[in-house]
Q: 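My questions all concern the structure below.
This is a predicted model, so every value here is computed, not measured.
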Amino acid sequence: MKVIETTLPGVLIIEPRVFGDERGYFMETYRASAYAELGIPQPMVQDNQSFSRKGVLRGLHIQHPRAQGKLVQVLVGEVFDVAVDIRRGSPHFGRWAGVSLSAENKRQFWVPPGFAHGFLVTGESALFVYKNSDYYSPETEFSVRWDDPGIAIEWPLDGAPELSEKDTNALCLKDLPLDRLPGFEDYS
């Protein structure tokens, strides 16, 4: 596999090896030992899947405590996927990295624990899957505004995105209580 480092240390774009011929293709999407060599923690304990139509934006989501690392991939369609460092004390606090993930490019994106995560469906629809390093914990989950001007994510938008109520009502990073945010020392 090929690993591409982003501007945020620990946030990785992964291009699995794809073996194809006239019949189709084969690729290994996860092998614990190979991903452990990249610093991706073990074990992955939960798999999730979502399906969304074009223009749906999900995020920016985080759990703290019980932060989840997420290894994400698109099986059908295309998304613009984003990781935001919201760890108090991080030298990269408030910075983001993004990547286009699609069924065609078969890329994966590693979002480490302590980073907020979100994605915008840019294709007609998207079947999005991800492995998590911790279980979903609704009592520790919260959202950061997708359009927070302090973060200034350059979403590839054609008009206003479709949001959940939770994401519509999310606060900007500067308005969140500091004790609500993960610490750099907790997830570095």
Side-chain angles (χ1 to χ4, degrees), residues 1-16 18 27 29-30 35 38 40 44 47-63 67-87 90 92-133 136 141-173 176:
M1 77 181 114
K2 179 180 176 184
V3 178
I4 302 166
E5 294 186 14
T6 68
T7 57
L8 295 176
V11 176
L12 304 174
I13 299 167
I14 301 164
E15 295 180 346
V18 179
M27 63 186 256
T29 59
Y30 183 75
Y35 285 78
L38 301 177
I40 295 175
M44 292 296 189
D47 284 357
N48 294 334
Q49 176 177 303
S50 73
F51 181 81
S52 306
R53 62 179 169 256
K54 184 174 186 159
V56 168
L57 193 150
R58 296 183 186 272
L60 302 163
H61 301 152
I62 181 94
Q63 286 184 185
Q68 294 176 304
K70 297 176 180 178
L71 181 64
V72 303
Q73 185 173 16
V74 171
L75 300 181
V76 175
E78 183 176 14
V79 307
F80 182 70
D81 201 87
V82 174
V84 180
D85 188 346
I86 66 165
R87 300 170 298 166
S90 169
H92 305 286
F93 183 79
R95 290 185 45 205
W96 64 277
V99 63
S100 178
L101 302 175
S102 69
E104 188 174 305
N105 70 25
K106 297 174 183 47
R107 286 179 158 182
Q108 297 174 323
F109 194 45
W110 168 244
V111 180
F115 287 71
H117 172 254
F119 65 92
L120 169 69
V121 179
T122 55
E124 287 308 307
S125 61
L127 180 58
F128 187 86
V129 295
Y130 47 109
K131 293 188 167 306
N132 297 292
S133 63
Y136 176 61
E141 180 188 39
F142 62 97
S143 298
V144 176
R145 280 197 67 85
W146 68 276
D147 60 349
D148 182 333
I151 300 171
I153 296 169
E154 297 171 13
W155 297 102
L157 283 166
D158 294 329
E162 188 174 343
L163 304 168
S164 69
E165 183 178 341
K166 172 179 71 174
D167 294 340
T168 299
N169 297 323
L171 297 175
C172 288
L173 188 54
L176 288 164

Q: Does any non-hydrogen side-chain atom of T6 lie less than 4.5 Å from one of V99?
A: no
Q: Would you please classify the geometry between the F128 ring and the F119 ring as parallel, tilted or perpendicular, with 30° and 60° separating the classes?
A: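 Aromatic pair F119/F128 classed parallel.
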Q: Pair W146, V82 - check side chain to side chain contact (heavy atoms under 4.5 Å, CB included), show working.
A: CA-CA 10 Å; W146 68 276; V82 174; over 6 Å; no
Q: I need the minimum non-hydrogen distance between G69 and S133, along with the two atoms involved.
A: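 Residues G69 and S133, closest heavy atoms: N-OG, 2.7 Å.
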Q: Provide the closest heavy-atom pair for A126 versus V79 in the form atom of the first, atom of the second, distance.
A: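 Scanning both residues, the minimum pair turns out to be CB-CG1, 3.6 Å.
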Q: CD of E15: more than 12 outside heavy atoms within 6.0 angstrom?
A: yes
Q: Enter the distance from N132:CG to M44:CE here, rounded to the nearest 0.5 Å.
A: 7.5 Å
Q: Taking all atoms of both residues into account, what is the closest heavy-atom pair of V11 and A83, and its distance?
A: CG1-CB, 4.1 Å
Q: So, for G10 and P112, which heavy atoms are closest and what is the spacing to 0.1 Å?
A: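 G10 and P112 have their closest heavy atoms at O-CG, 3.3 Å.
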Q: How many angstroms lie between NZ in K70 and CD in Q108, if you round to the nearest 0.5 Å?
A: 15.5 Å
Q: With no hydrogens and no angle check, just 3.5 Å: does a side-chain donor-acceptor pair link Q73 and Y30?
A: no
Q: Could you walk me through whether I14 and L71 pass the side chain to side chain contact (heavy atoms under 4.5 Å, CB included) check?
A: CA-CA 9 Å; I14 301 164; L71 181 64; 4.0 Å; yes
Q: Closest approach of Y136 and Q68, non-hydrogen atoms and distance?
A: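 So the two residues come closest at N-NE2, 3.6 Å.
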Q: R145 side chain to T168 main-chain N or O, any donor-acceptor pair under 3.5 Å?
A: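 A pair under 3.5 Å: yes.
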Q: Kindly compute the distance separating CG (D148) from CG (L173), expressed to the nearest 0.5 Å.
A: 6.0 Å
Q: Could you check R53 against E162 for side chain to side chain contact (heavy atoms under 4.5 Å, CB included), going step by step and ending with a plain yes or no?
A: CA-CA 9 Å; R53 62 179 169 256; E162 188 174 343; 2.6 Å; yes
Q: Say you draw a straight line from CZ of F115 to CD1 of I86; how long is it, rounded to the nearest 0.5 Å?
A: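 So the gap between those two atoms works out to 9.5 Å.
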Q: Is the side chain of S143 donor-acceptor paired with the backbone N or O of K166 at a distance under 3.5 Å, no angle test?
A: no
Q: Just one of K2, R107, M27 clears the side chain to side chain contact (heavy atoms under 4.5 Å, CB included) bar with P16, so which one?
A: M27
Q: Does V121 reach the side chain of R58, with side-chain heavy atoms less than 4.5 Å apart?
A: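 No, too far: nothing below the 4.5 Å cut-off.
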Q: Hey, could you give me the CD1/CZ distance between I151 and R95, rounded to the nearest 0.5 Å?
A: 12.5 Å
Q: Before you tell me yes or no, could you show the steps for V144 and V84 under side chain to side chain contact (heavy atoms under 4.5 Å, CB included), namely the whole-Å CA-CA distance, both residues' side-chain angles and the distance that decides it to 0.1 Å?
A: CA-CA 10 Å; V144 176; V84 180; over 6 Å; no
Q: With a 4.5 Å cut-off on side-chain heavy atoms, are H61 and D167 touching?
A: yes
Q: Looking only at heavy atoms, which two atoms of G114 and I62 are closest? And how far apart?
A: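 Here G114 and I62 meet closest at C-CD1, 3.6 Å.
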Q: Could you tell me the separation between the CG atom of D158 and the OG1 atom of T122, rounded to the nearest 0.5 Å?
A: 9.5 Å
Q: With a sphere of 6.0 Å drawn around CD of E104, does it hold more than 12 non-hydrogen atoms of other residues, nucleotides or ligands?
A: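 It does not: E104 CD has 12 such atoms or fewer within range.
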Q: Under a 4.5 Å cut-off applied to non-hydrogen side-chain atoms, are V129 and D47 in contact?
A: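 With C-beta onward as the side chain, the pair stays apart.
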Q: Okay, side chain of N105, backbone of S100: is any donor-acceptor separation there less than 3.5 Å?
A: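 Checking the backbone N and O of S100 against the side chain of N105, a donor-acceptor pair under 3.5 Å is found.
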